[in-house]
Asker: 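Just dropping this structure here.
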There are 2 protein chains.
Amino acid sequence: MTIRNVADKAGVSVATASRVLSGHPSTSEEARTAVSEAATKLGFRPNAQARSLRKTSTQTIGLVLPDVRNPFFADLAHAVEQRARDFKYLTLFGNANEDAEQQDRYFDVMLTQRVDGLIAAPQGDLTDLQGVLASGVPTVFVDRVIANTTVPSVTPDNSTGIQEAVRHLTSLGHRRIGYIAGPQSTSTGRERLAAFLNALKETNADDDGALLFFGDFQSGSGAAGARHLLELPHPPTALLAADSLMSIGAIAVCNERGLAIGKDIAFVAYDDIEAFTLLNPALTVISHDVDAMGRLAVDLLTQVIAGNNPESVILPSRLIIRGSTPPPPGGPTQ
Amino acid sequence: MTIRNVADKAGVSVATASRVLSGHPSTSEEARTAVSEAATKLGFRPNAQARSLRKTSTQTIGLVLPDVRNPFFADLAHAVEQRARDFKYLTLFGNANEDAEQQDRYFDVMLTQRVDGLIAAPQGDLTDLQGVLASGVPTVFVDRVIANTTVPSVTPDNSTGIQEAVRHLTSLGHRRIGYIAGPQSTSTGRERLAAFLNALKETNADDDGALLFFGDFQSGSGAAGARHLLELPHPPTALLAADSLMSIGAIAVCNERGLAIGKDIAFVAYDDIEAFTLLNPALTVISHDVDAMGRLAVDLLTQVIAGNNPESVILPSRLIIRGSTPPPPGGPTQ
DNA sequence: CTGAAAGCGCTTACAG
DNA sequence: CTGAAAGCGCTTACAG
């Protein structure tokens, strides 16, 4: 079932059939009807491989994200995909599993598949990007970036939300704030930690290295972090985790220890995911606009594909105060 | 940068270069080293389009799911993708947004892209499958099926969990159980509703049509359902929702009305997602093994691709009782 | 407006 | 083991 069959049935050459099928203007009325009719009758479906071997475009973009199971990235994937549809792109989605090696395999496969562009929330450093950069495929970073590249990006403001959270907690009287950081192999992990440390200095909170725990953005490490921090000789009265999955793990540990969040301990989560509003009390969270992030990433990519060099954009983040952040149990100064 | 350049640099023909590059046994030691060296030096990356135009395989499988933002499907996507990797398949992922039209567009594009196989949690009826069936592309259904096809499938047992839930609730003394059903355009929506209605007959629960609300598996409809049911003149003392997103919406409504789940009202959710264990009390849920589902779907697909006709499998589901299902407030008989 | 022909980058019988 | 050549299914100058 090829264009040859369609041409034969329509009584024209493959060239004419091709022109009709791809909407080329130079076709006669008769040719158009004959070919269209033959194509539908035969249920002809052009072979995208052959087409993109001739043209240089595949009408697909690659999307490499660290973890679909993270609601933030699920929302982001959805936003990217819906926006890509507007430009007739199919989104080829790869899930790196928070693992640089799997990420690099996906980059590789997507280059091999000749995607027209690539959107990634990358991990690691320049060495992981070698292939992508060398290929020259239009690329945009989203959420995370890799230092020392000129790749345009759409990222959240990783400091304002954290700063507001620390100010909020200290104004309530908290001085010991436990922080479950993201991996330092990611820009978001690094920037959020830096913002946290800065905020400590700016307020009267304890700047105690023991209150820091390094996780990997996955739920298990949030649980490990909470366990570690709560067992400290001088434990925190407030907990802050750098993404939603680690927040989930940490909350589970608080629950299993009978520590009531919003009463015995204050908790601030990163990312405003729907489930967090269901907790009782609902969680105070650091929120950013994931839909805008996905949409803008696609918009930037289309510009790069068009040969332009768009400006990177940073989206605001802010603290949404709900019930999970009371003053410390012993009173403001404890 | 094509295989021609590699061949030239290595001083062999493109045929020999191709053989070395694709691991064909009939190659000399010298050819192998010369070509490999040239390829790495040049950073050669074979064009997948050209290759799959010659071979008939693209080493990709298509995965069409209704909604990435549904944690159940995010987990399923992850499971499928990880298993597909074992077979060197790249997973081309499409998100149908619980919409038959978007689903059909994805089917279309994936056929055009000549995926080697298709895994789908489909919506609608046979007409939506025409193209897929006509193309003859190896296909497996997962989670949901479409009636009157011979497509192998991996599905959950949609009745046991529901039956256990209704028995559990009635044994506690509940007689008015509100049910937020899934869309009847999906097999899971239909089967779970049938199981619920059967369970009502089998127990002494009220078989009252007013206690049924039809949602669309998305969170907004869960909220609408809870609102509707709770405003009934004779409202339910227990709520059961047919998926996790509708559960989330319904729980939000209970919270906003000050109805304490696990005290003022009993709640059973479908799908054992991590966030549900964080609620206080944790939710009683109907659980099934999403990892096994994804893994088996890929395994079945590889068998179909190999030309076999594997048996469909049904995975068990069961009730996990946690704190959200107390007896009705007025006592066993109310 | 149309057709014959070349070519996109590979792979693979075929002959040696 | 190797090379010349055909061909996968399209698209697009080129000439008419």
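On a predicted model such as this, the values are computed, not experimentally measured, just so you know. Below, read A as the first sequence line, B as the second, and so on, with proteins coming before strands; counting in each chain starts at 1.
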Asker: How far apart are the closest heavy atoms of B:M1 and B:F44, and which atoms are they?
Answerer: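 Minimum heavy-atom contact is SD-CA, 3.9 Å.
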Asker: Any luck finding a side-chain donor-acceptor pair between B:H78 and A:D67 under 3.5 Å?
Answerer: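 No, A:D67 and B:H78 have no side-chain donor paired with an acceptor closer than 3.5 Å.
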Asker: So which atom in B:A121 and which in B:L65 form the shortest heavy-atom distance, rounded to 0.1 Å?
Answerer: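 Distance-wise, the nearest heavy atoms are CB-CD2, 3.9 Å.
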Asker: How many Å lie between CE on A:M1 and P on D:dC8, as a whole number?
Answerer: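 About 14 Å, once rounded to whole Å.
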Asker: Using whole Å, report how far CZ of A:R51 lies from P of C:dG9.
Answerer: 18 Å
Asker: Looking at A:E311, I'd like to know if its CD atom is crowded, meaning that more than 12 non-hydrogen atoms belonging to other residues, nucleotides or ligands lie closer than 6.0 Å.
Answerer: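 Counting other residues, nucleotides and ligands, CD of A:E311 stays at 12 neighbours or fewer.
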Asker: Could you give me the stems involving DNA chain D, meaning stretches of three or more consecutive Watson-Crick or G-U wobble pairs whose two defining distances are both below 3.5 Å?
Answerer: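 Stem list for DNA chain D: C:1-3 with D:14-16, C:5-12 with D:5-12, C:14-16 with D:1-3.
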Asker: So, for B:T155 and B:V145, which heavy atoms are closest and what is the spacing to 0.1 Å?
Answerer: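 What the structure gives for the nearest pair is CG2-CG1, 3.5 Å.
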Asker: Send over the distance from B:D8 CG to C:dG9 P, rounded to a whole Å.
Answerer: 13 Å
Asker: Looking only at atom C1', what distance separates C:dT12 and C:dG16, rounded to whole Å?
Answerer: 16 Å
Asker: Taking atom C1' of C:dC10 as reference, at what distance in whole Å does atom CD of A:Q49 sit?
Answerer: 12 Å
Asker: Would you indicate whether B:L126, at its atom CG, is surrounded by more than 12 heavy atoms from other residues, nucleotides or ligands within a distance under 6.0 Å?
Answerer: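 Yes - once you tally the heavy atoms of other residues, nucleotides and ligands closer than 6.0 Å, there are more than 12.
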Asker: List the atom of A:Q59, the atom of A:F87, and the distance in Å for their closest heavy-atom pair.
Answerer: OE1-O, 3.9 Å
Asker: Which is true for A:S26 with a 4.0 Å heavy-atom rule: it touches a base, it touches only sugar-phosphate, or it touches nothing?
Answerer: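 Touches a base.
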Asker: Whole Å only: how far is the CG atom of B:N47 from the C1' atom of D:dC10?
Answerer: 14 Å
Asker: Going by distance alone, is a donor N or O of one side chain under 3.5 Å from an acceptor N or O of the other, for A:T27 and A:R32?
Answerer: yes
Asker: Atom CD of B:Q59 and atom P of C:dT11: how far apart are they, to the nearest Å?
Answerer: 13 Å
Asker: For the residue pair B:S13 and B:T16, confirm or rule out a side-chain donor-acceptor distance under 3.5 Å.
Answerer: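 The answer is yes; a qualifying pair exists.
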Asker: Write down the distance between CZ (A:R4) and P (D:dG7), rounded to a whole number of angstrom.
Answerer: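 My rounded result for the distance is 13 Å.
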Asker: Closer to the 5' end of DNA chain D via nearest nucleotide, is it B:G11 or B:A50?
Answerer: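 With B:G11 and B:A50 compared, the 5'-side residue is B:G11.
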Asker: Checking contacts here: which listed nucleotide (C:dT2, D:dT2, D:dG9) is nearest the side-chain heavy atoms of B:A31?
Answerer: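 Ranking C:dT2, D:dT2, D:dG9 by closest atom to the B:A31 side chain puts D:dT2 first.
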Asker: Is the base of D:dG7 touched by the side chain of B:R54 through a donor-acceptor pair closer than 3.5 angstrom?
Answerer: yes
Asker: Does anything in residues 12-24 of chain A reach DNA chain D, meaning a heavy atom under 4.0 Å, and if so which residues?
Answerer: A:A15, A:S18, A:R19
Asker: Take the protein atom CG of B:L111 and the nucleotide atom C1' of D:dG9, then report the distance between them rounded to whole Å.
Answerer: 17 Å
Asker: With sugar-phosphate meaning primed atoms plus P, OP1 and OP2, does B:S28 contact a base, only sugar-phosphate, or nothing at under 4.0 Å between heavy atoms?
Answerer: sugar-phosphate
